[in-house]
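One is the number of the first residue; the rest follow in order along the sequence.
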Amino acid sequence: MPKDVLYLKIANSVTEQIKSETLQFGDKLPSLRSAQKLYNVSLNTIKQAYTELESRSLVESRPKYGYYVSQTSQRKLALPSVAKMKISEGNNSPEDLIDKVFGTISGTDVTQFALGIPGKSLLPVAKMKKCMINVMKKKHDSGTNYEPVQGSERLRREIAKWAMVMEGKITEDDLVITSGAMNGVYNCLMAVTKPGDSVAVESPVYFGILQAIQLLGLKAVEIPTHPISGVDLDALKKVLPKLSACCFVVNYNNPLGFQMPDENKKELVRLITEYNVPLIEDDVYGNIYFGAGRPKPCKYYDEAGIVMWIGSVSKTLAPGYRIGWVAPGKFKEKIIRQKLVQTVSGPSLFSDVIADFLEHGGYDHHLRMFRKKLYANYLQIQKSVNHYFPDTTKISEPRGGFMLWLELDKKICTEDLYDEAFSQKINFAPGRMFSQYNQYQNCMRLNYALEWTDRVESDLEKLGKMIKNRM
């Protein structure tokens, strides 16, 4: 039999196994070597067969781990819908709801699906402690002195080294250390807008960005956003002349989890450069990818210094340390001046601990383990939602990060559901938090960056039951 037909025969036989659910979503395919022996063909034929299955979106390759049956292969539930553009509708700020949900941040006996914080068991706590002791031994001032306004030089150098995705386009001199990513977003907004200006955001949008915009007396313009490709660039182009800035999360967006395709990122940077509208790019989830490698940020394509690229270690290492950074391009001096007025400098002790960890703590190893656990959790939560939630549920398809966005039947109000769930010690983020308008009331965001236990599974089952009872 000709070789080229042979690889198709193998691909078709695996396709049949996936269709009949003999092979299920998340199952690992035999390694290339095992499959070669199994089918008694050359390694190249197996590679071709697996590439063919990838092109059909039935399997996905995970570097160093092998090939897995992909989520799209057995998608039972539809994708969430794209919201229409709203311009003149009156605001209905979700602050009351945000306060209510954040009020539960210290609740220990609650299954915490609500807040975008990684569970302690997923963080390298012992190694961080070791770095803290190292730093204290070396520090003559015990961390009491001011550090430079721009931030610790050592930390900036380590971050620049770590920004390999930028391929050397970022140096320590380009970075300013901030008090977490949200402080970076707030500072960037402040640097490029004045009260009354309009700022484009995704819809649904992370509520922290919405609050920062409102606090600064700005207007948020919510752009229709697709759950796979992100912001609708045609819709954005129509409003660009009226905008003073854009503020987007293009890699593993919170709450939709999409990864904007590279060609869309290039086009976005081309558009904002043409209209001279700065882009504040919150890339806090960029290192938490499930695919082959870390995606490029928009900053990579920025020639004019108009993209302000923000990152932090809050989602991967130490949420409470409040260490973030921004590469503000041509707005650097303004950001430094603002920081001087606001905080003078950051806490030098935490800067040194993070710098020490980046240099000696095996950040690469930690991220690999962290991504592996999160991907396993994602497969679990996806399976549970498929299993326990109504068939009318629409579910996002995150390519990284740790957020899952669900759209339920129109009859369901997730704000009412929240109170019932909380009385059962289950917490989630109701959809209304993610817009300035009265929308997404039948949606919810679930965080899956937690230790996966039987209780977590049974709480999802309970949540599914509550939803079904309301229908």
Side-chain angles (χ1 to χ4, degrees), residues 61-66 68 116-139 143 147 151-172 175 177-181 251-252 283-297 309-325 327 346-379 399-402 447-452:
S61 69
R62 306 210 48 231
K64 299 193 176 78
Y65 301 121
Y68 290 80
I117 303 168
K120 275 192 200 70
S121 64
L122 303 186
L123 299 174
V125 177
K127 278 187 174 170
M128 295 291 287
K129 209 172 186 178
K130 202 172 161 189
C131 291
M132 175 76 83
I133 293 162
N134 282 348
V135 164
M136 287 304 280
K137 275 181 189 161
K138 287 181 201 156
K139 260 183 140 18
E147 64 176 26
S152 145
E153 200 174 323
R154 183 185 171 206
L155 177 60
R156 285 186 283 120
R157 188 162 53 248
E158 287 307 319
I159 291 164
K161 266 192 223 167
W162 256 96
M164 287 168 280
V165 69
M166 293 301 297
E167 296 176 11
K169 292 184 179 191
I170 291 280
T171 69
E172 64 209 64
L175 296 162
I177 302 302
T178 61
S179 177
N251 289 328
Y252 319 125
D283 197 26
V284 74
Y285 296 99
N287 278 319
I288 312 173
Y289 51 86
F290 298 153
R294 194 208 194 284
K296 294 264 187 279
W309 180 56
I310 295 165
S312 88
V313 293
S314 298
K315 303 299 177 191
T316 54
L317 280 182
Y321 280 26
R322 309 313 302 134
I323 296 287
W325 56 88
S348 62
L349 188 62
F350 291 137
S351 289
D352 286 350
V353 175
I354 295 298
D356 196 74
F357 188 90
L358 293 183
E359 197 172 349
H360 307 294
Y363 190 38
D364 198 31
H365 174 74
H366 161 64
L367 280 176
R368 273 203 306 277
M369 295 298 106
F370 188 56
R371 286 194 292 262
K372 200 175 173 182
K373 278 182 187 166
L374 285 176
Y375 186 66
N377 281 7
Y378 166 53
L379 297 183
R399 302 288 163 90
F402 39 79
N447 161 39
Y448 51 84
L450 31 73
E451 187 62 36
W452 200 272

A side-chain contact here means heavy atoms from C-beta on lying under 4.5 Å apart; do [X] and [Y] qualify?
X: Pro118; Y: Leu374; result: no
X: Ser152; Y: Ile177; result: no
X: His366; Y: Leu317; result: yes
X: Tyr285; Y: Phe402; result: yes
X: Trp162; Y: Asp364; result: yes
X: Pro295; Y: Tyr252; result: yes
X: Lys315; Y: Ile288; result: yes
X: Tyr289; Y: Asn251; result: no

Could you tell me the separation between the [atom1] atom of [X] and the [atom2] atom of [Y], rounded to the nearest 0.5 Å?
X: Ile310; Y: Trp325; atom1: CD1; atom2: CH2; answer: 11.5 Å
X: Asp352; Y: Cys131; atom1: CG; atom2: SG; answer: 11.0 Å
X: Ile117; Y: Asn447; atom1: CD1; atom2: CG; answer: 8.0 Å
X: Lys120; Y: Glu451; atom1: NZ; atom2: CD; answer: 12.5 Å
X: Phe357; Y: Lys127; atom1: CZ; atom2: NZ; answer: 6.0 Å
X: Ile354; Y: Met132; atom1: CD1; atom2: CE; answer: 9.0 Å

**OP:** Test Arg294 against Met164 for side chain to side chain contact (heavy atoms under 4.5 Å, CB included), laying out the working first.
**Re:** CA-CA 9 Å; Arg294 194 208 194 284; Met164 287 168 280; over 6 Å; no
Considering all heavy atoms of both residues, which atom of [X] and which atom of [Y] are nearest to each other, and what is their separation?
X: Pro319; Y: Ser314; result: CG-O, 3.3 Å
X: Val284; Y: Ala181; result: CG2-CB, 4.1 Å
X: Ser351; Y: Glu147; result: OG-OE1, 3.2 Å
X: Leu122; Y: Phe370; result: O-CD1, 3.6 Å

Original post:
Should the heavy atoms of other residues, nucleotides or ligands under 6.0 Å from NE2 of His360 be counted, would the total exceed 12?
Top reply: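 Atom NE2 in His360 is crowded, with more than 12 foreign heavy atoms closer than 6.0 Å.
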**OP:** Taking atom NZ of Lys130 as the centre, report whether more than 12 heavy atoms of other residues, nucleotides or ligands fall under 6.0 Å from it.
**Re:**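 At most 12 heavy atoms, drawn from other residues, nucleotides or ligands, come within 6.0 Å of this atom.
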Original post:
Under 30°, 30 to 60°, or over 60°: which ring-plane class applies to Tyr378 and Tyr375, parallel, tilted or perpendicular?
Top reply: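 It falls in the tilted class, 30° to 60°.
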**OP:** Describe, in one word, how the ring planes of Tyr448 and Phe290 are oriented to each other, choosing from parallel (under 30°), tilted (30 to 60°) and perpendicular (over 60°).
**Re:**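 Tilted: the ring planes of Tyr448 and Phe290 meet at 30° to 60°.
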**OP:** Assess whether side chain to side chain contact (heavy atoms under 4.5 Å, CB included) is satisfied between Ile323 and Val353, documenting all intermediate values.
**Re:** CA-CA 10 Å; Ile323 296 287; Val353 175; over 6 Å; no
With a 4.0 Å cut-off, would you call [X] and [Y] a salt bridge?
X: Arg156; Y: Glu172; answer: no
X: Lys161; Y: Glu359; answer: no
X: Asp356; Y: Arg154; answer: yes

Original post:
With distance as the sole criterion, is a donor-acceptor pair present between the side chains of Asp283 and Trp309 under 3.5 Å?
Top reply: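 Judged by distance alone, the side chains do pair up.
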Subject >> Stepwise side chain to side chain contact (heavy atoms under 4.5 Å, CB included) check, His365 with Met369 >> reply: CA-CA 6 Å; His365 174 74; Met369 295 298 106; 3.9 Å; yes
**OP:** Would you check if the side chain of Arg371 reaches a backbone N or O of Asn287 as a donor-acceptor pair within less than 3.5 Å?
**Re:**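 Yes; judged by distance alone, with no hydrogens or angles, the pair exists.
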